[in-house]
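Encoded as structure tokens, the structure appears first; notes follow it.
In listed order, ligands and their atoms are each counted from 1.
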Amino acid sequence: MSTTPKLRMAGVKKAFGSKVVLDGVDLSVEAGHSLVILGGSGSGKSVTIKCVLGLITPDDGVIEIDGKNVLTMSRREREEVGDRIGMLFQNAALFDSLPVWENVCFKLLAQKRITRAKARDKAAEVLAQVGLAASVGDLYPGELSGGMQKRVGLARAIAADPDIIFFDEPTTGLDPIMGAVIDGLIVDCVKRLGATAVSITHDMASARRIGDQAAMIHKGRIVWTGQAATLGHSGNAMVDQFANGEREGPIQMELRK
Ligand SMILES: Nc1ncnc2c1ncn2[C@@H]1O[C@H](COP(=O)(O)OP(=O)(O)OP(=O)(O)O)[C@@H](O)[C@H]1O
Ligand SMILES: [Mg+2]
């Protein structure tokens, strides 16, 4: 029996002016799985995720969550789907003018799903899940280190108990130990929520820790999908070149053209 994927993208295209960024992205993630997306800088990874979130409207294609095309549904339905999605942005993207606790519970507060008093308690609870003291809730994003900002971003992503979570470069800019800590938190949070996860990363150690499945995007298309554990020895020359950080290979040859 085939099950409906949690997320399915088919033929998703997006151009900005004459620049084609997504050239028919096909991708599928089963519920409860964790997919990592790899690809060079500017290959369209963030744009892919933003299309799913509704921050960018594709020119063509289908994006289904639980079998329903989010591109054709009503605004209300789309908002309901959005409520079940969590997102950790590439640069954490916290609101500088709000204290951490309001950042963490931003969605719940904005939708009046929680009182301000309850939001403080909820923020403390979620901050504890990412290894931060409740007192961090009263700080402002500008008072946090990069690693703490990532953890607050992660807390915000999980605060509304999403069933699908996107992580855009969760460990970029962190030291290797903090990177491993964040990866561990991601794996724990995803497991605790029973969520489906889609992560973008350049970091192969991180990809193997977070993902069970992997996909590589190149020139706006998914050129390979497979098991994250096989990264580096997948048998696909492009993927292995990327995963092993080798200068010579099909990717550079294309650059030379
Ligand atoms: N809103 C936008 N308007 C115009 N061009 C855009 C927009 N968003 C993204 N692009 C372009 O689309 C291309 C892909 O961008 P994207 O952010 O998806 O890259 P990426 O794969 O996430 O790269 P990185 O690894 O550096 O984060 C880039 O050339 C970028 O300039
Ligand atoms: Mg990006």
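For the residue pair Asp240 and Ser234, a side-chain donor N or O sits within less than 3.5 Å of a side-chain acceptor on the partner.
Annotation: the span from Ile186 atom CD1 to Thr171 atom OG1 amounts to 7.5 Å, rounded to 0.5 Å.
Among protein atoms, those of element N, O or S found less than 2.8 Å away from the Mg ion (ligand 2) are Ser46 OG, Gln90 OE1.
A cation-pi arrangement is found for Arg156 relative to Phe95, the charged atom lying closer than 6.0 Å to the ring centre and inside a 45° cone about the ring normal.
Salt bridge Glu80/Arg76: present, at least one basic N to carboxylate O contact under 4.0 Å. Ionic pairing of Arg221 and Asp23 is present here: one or more N-O contacts between side-chain nitrogen and carboxylate oxygen are shorter than 4.0 angstrom. Remark: Asp138 engages Arg120 in a salt bridge, criterion side-chain N to carboxylate O under 4.0 Å. Ion pairing between a basic and an acidic side chain is recognised when a charged N comes within 4.0 Å of a carboxylate O; Asp168 and Lys50 show no such pairing.
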### Task
Applying salt bridge (Lys or Arg N to Asp or Glu O under 4.0 Å), run through Asp163 and Arg84 and close with a yes or a no.
CA-CA 6 Å; Asp163 55 25; Arg84 293 187 284 116; 3.3 Å; yes
### side-chain contact (heavy atoms from CB on, under 4.5 Å) assessment of Leu7 paired with Ile63
CA-CA 7 Å; Leu7 168 67; Ile63 300 177; 4.1 Å; yes
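Residues with a heavy atom under 4.0 Å from ligand 1: Phe16, Lys19, Val21, Gly40, Ser41, Gly42, Ser43, Gly44, Lys45, Ser46, Val47, Gln90, Glu169, His202.
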